[in-house]
Amino acid sequence: MTVHTRCAAAAVALGVALGVVAGAAPGMTGSAAPAGAAVKVPNLLGTWAGDYRYPSPDLTAHATSVKVVIDQQDGQFLWGHDEFIDKTGALVSIPVLGSFEHGDRTFGLSLKGGLITGRVLGARRLATRFFIVGDNPTSFHVTLRKAP
């Protein structure tokens with residue numbers, strides 16, 4: 001399993017941690033807006049991609065790329081998948097889910113084996129940090145850009 005595979009798996013676990021990271025725990029609004037009030041959040045629907053380098057346990061840094069696809073958004077809640085090509089050349093797709101901080105531009109996504117935190121920088125740019133846990137843990141920053 002490649003580091004990116006583990007990373008993608010971690011992104012799926014990120015949905016689990018998303019509520020904590022993004023402040024979306026039940027009963028918490030995270031802003032002065034009343035619970036249940038309509039709050040405009042950025043639209044993340046679409047494909048976001050970026051290149052990055054990550055530190056590996058073998059004491060070297062590796063370069064690769066990532067694609068995160070948000071397939072569904074219901075207000076502050078997000079669902080999608082992390083896509084990458086594994087070492088055999090096969091396309092791998094791992095589910096991700098999460099939410100925005102209520103009334104904010106920050107979000108968190110979980111995936112199996114990790115999590116992704118992020119902030120909307122503009123209509124076509126996201127600053128993200130991936131946290132991958134497991135046998136080969138790592139963490140890295142990548143700026144994702146929306147595909148045309």
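Worth saying up front: this structure is predicted, and the values here are computed from it rather than measured.
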Residue set satisfying side-chain hydrogen bond (donor to acceptor under 3.5 Å, both in side chains) with Asp58, at least two apart, ordered chain then number -> Ser56, Thr60

Here the pair of heavy atoms bringing Pro57 nearest to Pro137 is CG-O, 4.1 Å

- Query: Going by heavy atoms in the side chains, are Pro42 and Val120 under 4.5 Å from each other?
  - Reply: yes

Is there side-chain contact between Val69 and Trp48, with at least one heavy-atom pair below 4.5 Å?
no

In short, Gly75 meets Val41 closest at the heavy-atom pair O-CG2, 3.2 Å

Leu126 side chain reached by Arg119 side chain, heavy atoms, under 4.5 Å: no

Side-chain polar contacts of residues 140-148 - donor-acceptor pairs under 3.5 angstrom, sequence neighbours left out - could you list them?
from   : atom 1 : to    : atom 2 : distance (Å)
Lys146 : NZ     : Leu45 : O      : 2.7

Sorted by chain and number, sequence neighbours left out, salt bridge (charged side-chain N to carboxylate O under 4.0 Å, His left out) with Arg125 holds for none

Checklist line | Side-chain heavy atoms of Arg129 within contact of Leu115, under 4.5 Å | finding: no

By side chain to side chain contact (heavy atoms under 4.5 Å, CB included), Leu91 pairs with (sequence neighbours left out) Glu83, Ile85

Original post:
Are the side chain of Gln73 and the backbone N or O of Trp79 linked by a donor-acceptor pair below 3.5 Å?
Top reply: no

| request: Would you indicate whether the side-chain heavy atoms of Thr117 and Phe131 approach each other to under 4.5 Å? | output: yes

Any heavy-atom pair between the side chains of Leu44 and Phe107 that's under 4.5 Å?
yes

Steps toward side-chain contact (heavy atoms from CB on, under 4.5 Å) verdict (Tyr52, Thr64):
CA-CA 6 Å; Tyr52 66 95; Thr64 191; 3.2 Å; yes

Applying side chain to side chain contact (heavy atoms under 4.5 Å, CB included) to Asp51 and not counting sequence neighbours gives Ser65

